[in-house]
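Accompanying notes for the structure given below.
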Amino acid sequence: MRRLVLLPFFSVAVLAAGITLECSNLIPDPETTVILWVRGAPLGASFRWDLDGDGVFESTTLEPQINFVAKRGSQTVTVEVVSGSQTLARASLAIVADPRFGAIRTITKEDASFLVTILVQAKLPLIAPGIAEEIPAGAVVEVVAEGGAFWRKAEKLEAVWPLILDPGSVLAFSYRIYSTGETLRFSGVVSGYIGGQRAEIPIAGQLQP
Amino acid sequence: MMRKISLIAAVALGLTVPLFAQQGYFEIIQGATKVAVTPFAGAKSAEEFYDYDSGQSRSRNPLGEANTAVLFLYREPAGQLYLFFILGKAEAGTGGNARFTIRNIPIGANFVVRDDGFYFPLFPELNDTYTPTNGDYQVLWTWTDGRTDGGVFGPLGEEFELTVVPETLSGVQRIVFKHGAIDRPNRVELNTIDPIVIKGMRNQPPVARLVVSPAAPRARQEVLFDASGSYDPDGTIAEYRWDFDGDGKIDLTTTEAQVRYTYVAGGNFTVALTVVDNTGVFSTITYPLYVSPITVTVTREISTTHALPGTIFRVTVTIKTDQDLIGVGLDEDPPANWEVIPIQNAGAVFNRPYVQWVFMDTIRAGTERVIVYDLKVPPVEQLAALRLPQQFCITGLFQSKVPDIALEVAGESCIIVDTCLPALQAVAHLIPPERPGDQDRLDLRLSETITVDQVLRVAELWRTDQPLPGTCGERLDLEQLKLVAAYAYSCTPVDEPLPEYPRATVTAKRTILYPIPCEAVVLGFHDSMGNALGNKFTVKVEISTDRDVIGVGLDEDLPVGWRVTPIQNDGFIYKPGVDQWVLMDILRPGRPKTIIYEVTVPPTIQVKKPLPGPCPMYDFQTVVGRVDTGLPCVEVEVTGATKVELSDCLSVLAAIAKWDVYRDTIDLTLSDKITLPQVQRAIAFWLEGSRVPRTCDPGIVDFELMKTIIAYWLTGIPICEPLPGQPPSICAGR
């Protein structure tokens, strides 16, 4: 069954209570400018940006926003909100630029778990779309909505849709994760066949709650 | 059962019974029974003694017995001797009839008393008949219950030998000859079948006596037989006849009473001495004699059965004794012009020119002496006049003065000189090289028992296809190698036959492991470096036994061009090129051996496409093999898998499991479990309806197969195993 979900392709990363990092498009086409902004920061705060994922903050702005040209592939963007000499918050988002398809992970905190939702969108006809999510050590995973996919839990959480995903169409798969670990980090890939060739790219969006 | 008194038995202990009567000597002979008898003597005439009661038609003589034919000799007061027949007993027993023939009757003898000598006209069947014919006398007696029959025959004179032949007897259960005193008669039980010889002689037989010394002799020891205690009561002993071994044949006849004899071997013997008097009458006694087995053995061992010209071999002479030996000498006689090299003289003085050893001391009982010497075979130039192979022998004589013993050296005596050694002899005398680069050497002085080092060396020679030294280039084959192991591990010298080993049940089972489970050996597949893949399969052969077996060979026969690479030999030695393995050791029950090898099929061979069906029918080749053992000799076929299926395509399911999604091609090194990317690839094949490359017909992912692929992915089960709830493939076990 093909399940289409229409959602804006931006995502929100929570930096701290009341402070969030948002992106205009987490799965842009390559060389497309996307906007990143922080919402809820206090007045007078400054923002330090690491846009290439090398751990070095290349830019510091007084404005809570920055434009970013996404290169082909995956890049992790990190922002730190600083007030005076105090770091108030820090958050990262993965942006994956690919002209063919993409997938976005969003993580929602629940009482004792996290609800993870992955949206897969095709920009070209995508045959047999599938996702594979790493399962953090010690975590327990429960599939909430498979969205028509065949899925299994082994070393990874894997799901595949036996269909051709048309351009613009979106598939959704969500699961709940229980973990006693201090820090949860997520990673995964989305894959499929386009034009007879296999393609596999990282899942964009939140990397941790 | 009849009781018989045997004259032989009576003298068996070396003591003769004086066989004489008041006048003359008499004996009864029936078959082997020979008894001296003494005639009755009485005051009555023979007729009176018979005491015939004509009214009752019976004898009143008290010697008669019911249902018995009683015979005896009776001498009248006047000296005449008569033979009595009394059949039955008055007022006892049943009636009967008896026919006897009396042969060789003395001149003038006749029935002087005839029981029922008259004629019964009313009862003709009761009439007796007395019929003399040509020197014989045939009588028929018939009597009724409680009566007797018989008669008195004579006079016999003093020198006679008549024969009474029982013919038809009825109502007579036994024949008894009575003698001695009338009031206390002796009985000789006779059978009712064989002729009875009754002899009378004036002359008495001699008395034989024998003394043997030593009383407990040993083999090869001279024994003195002394019959000088023998005598003849009425004459002289003219002759002694000796049967030393009791076989019934006279070994020696002497006029001397003492003789000496040496038994070659120990054992129980019955010595028979017959003394013959001056009238030809003889007596025989027997003497049981135990001769202890030989206690001195002198045995030669030769270190080889074959020798090459110019080589040296070893001779060992072992002297064992359980009695003291004094004045001992050994005289060996090797072939002429062969050099003798003394190695060990065991305390003896060696005389080289004569090849003699003399012991100057006493060889004590319970000890042994070992003389060792080497013999050098002349070089080939000196043997040029001979056509090889040629057999040469050593003779030897051992002598002891006290006790006086002379015997030939027993054991091995001959060797064959040739230009080549037999393989087993070469192995037993092989000296492996001590360092790399050294040559193998031969030393014929070594024993004929194969050592472990020699086993390992010849196994290496076999493995590397090198000739065996000393054999004119002979290369051992698998059969000979097992034989070597059998001799070595049974500790049997190579000049002896292998011992009998209980029959063993040896089994060998082959398992073929395909490179891709549940697929055939596939040809035409390569890795990213262009190396052929899928054309190698693994073979496992398990060999077991229910009893110890020595020397095990495995001979596998594969198609030409197929290359074997051993993976696990489990103690076996592998010989490349011929695909043979040999275990130069003992295979024990409960400890099977497993040989594993990999076979590479030439990737270029052409195979037929498999025929589609529920189970694809692949092209195939066969592997056969045989396991055999050295001791005991067992040969069995290797059972189990023999068919190697070949294909140049994969099943679609296997192709998906082996699909390298990144190179988008088949990679036979991948596992048998289907992954998510492979499922995606399968979905793509399914949705696109395209053919999966390098797969057998039909070669597409259809709806059913798609579900199967997803099921294998979801369950994580290898593709060769059935999915949960599904029966095993009907093709399983291929």
Side-chain angles (χ1 to χ4, degrees), chain A residues 1-3 73 98 100-103 118 120-122 124-135 141 143 146-167 169 171 173 175 187-203, chain B residues 528 652-653 655-667 669-695 699-719 721-726:
Chain A
M1 175 190 288
R2 187 177 306 186
R3 177 168 295 182
D98 194 285
R100 301 165 296 178
F101 62 102
I118 295 171
V120 180
Q121 185 195 33
L124 295 171
L126 179 64
I127 300 174
I131 57 171
E133 278 276 88
E134 299 287 346
I135 300 174
V141 166
V143 173
E146 78 279 3
F150 294 102
W151 61 271
R152 73 167 189 175
K153 281 183 292 186
E155 293 83 13
K156 297 177 182 180
L157 174 61
E158 297 174 329
V160 64
W161 286 266
L163 49 78
I164 302 173
L165 186 61
D166 293 330
S169 298
L171 300 168
F173 187 90
Y175 63 94
S187 68
V189 294
V190 58
S191 58
Y193 279 83
I194 290 180
Q197 297 292 316
R198 175 178 172 78
E200 180 180 293
I201 57 175
I203 295 173
Chain B
S528 58
V652 176
L653 183 62
I656 294 299
K658 301 290 176 184
W659 198 266
D660 178 349
V661 295
Y662 302 104
R663 293 172 50 231
D664 208 32
T665 186
I666 288 171
D667 180 354
T669 64
L670 297 179
S671 83
D672 305 323
K673 292 183 179 179
I674 292 177
T675 64
L676 173 68
Q678 290 168 334
V679 172
Q680 289 174 288
R681 188 66 184 99
I683 292 171
F685 279 125
W686 173 45
L687 292 175
E688 291 168 343
S690 56
R691 185 178 178 107
V692 182
R694 299 305 310 273
T695 56
I700 59 167
V701 179
D702 58 15
F703 179 57
E704 284 302 319
L705 183 57
M706 189 64 246
K707 290 187 291 183
T708 301
I709 291 168
I710 289 174
Y712 274 112
W713 167 65
L714 290 175
T715 55
I717 293 173
I719 58 171
E721 296 176 18
L723 288 164
Q726 290 194 357

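Residue numbering restarts at 1 for every chain, and letters A, B, ... go by the order of the sequence lines.
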Item to check | Heavy-atom closest contact (B:Ile683 atom, A:Leu163 atom, distance) | outcome: CG2-N, 4.3 Å

Checklist entry - Measuring heavy-atom distances to chain A, does B:Gln680 have an atom under 4.5 Å in its side chain, in its backbone, in both, or in neither? => result both

Checklist entry - What distance do A:Glu155 atom CD and B:Thr675 atom OG1 have between them, rounded to the nearest 0.5 Å? => result 11.0 Å

Checklist entry - Testing B:Leu714, B:Thr715, B:Ile710, B:Val679 for side chain to side chain contact (heavy atoms under 4.5 Å, CB included) with A:Arg152, which one passes? => result B:Leu714

Item to check | Residue pair B:Leu687 / A:Pro162: nearest heavy atoms and the distance that separates them | outcome: CD1-C, 4.4 Å

Checklist outcome for this item: Applying a strict 4.5 Å limit to non-hydrogen atoms, the region of A:Phe150 in contact with chain B is both

Checklist entry - Is it the backbone or the side chain of B:Trp713 that comes under 4.5 Å from a heavy atom of chain A, or both, or neither? => result both

Checklist entry - Which region of A:Gln197, side chain (C-beta onward) or backbone (N, CA, C, O), has a non-hydrogen atom less than 4.5 Å from a non-hydrogen atom of chain B, or is it both or neither? => result neither

Checklist entry - With a 4.5 Å limit on heavy-atom distance, are the side chains of A:Arg198 and B:Pro677 in contact? => result yes

Next on the checklist: Test side-chain contact (heavy atoms from CB on, under 4.5 Å) on B:Val661 and A:Tyr193; report intermediate values, then the result.
Outcome noted: CA-CA 10 Å; B:Val661 295; A:Tyr193 279 83; 3.9 Å; yes

Item to check | Residue A:Ile131 versus chain B: region with a heavy atom under 4.5 Å | outcome: backbone

Next on the checklist: Looking only at heavy atoms and a cut-off of under 4.5 Å, which of A:Ser191, A:Gly130, A:Gly196 has the most pairs with chain B?
Outcome noted: A:Ser191

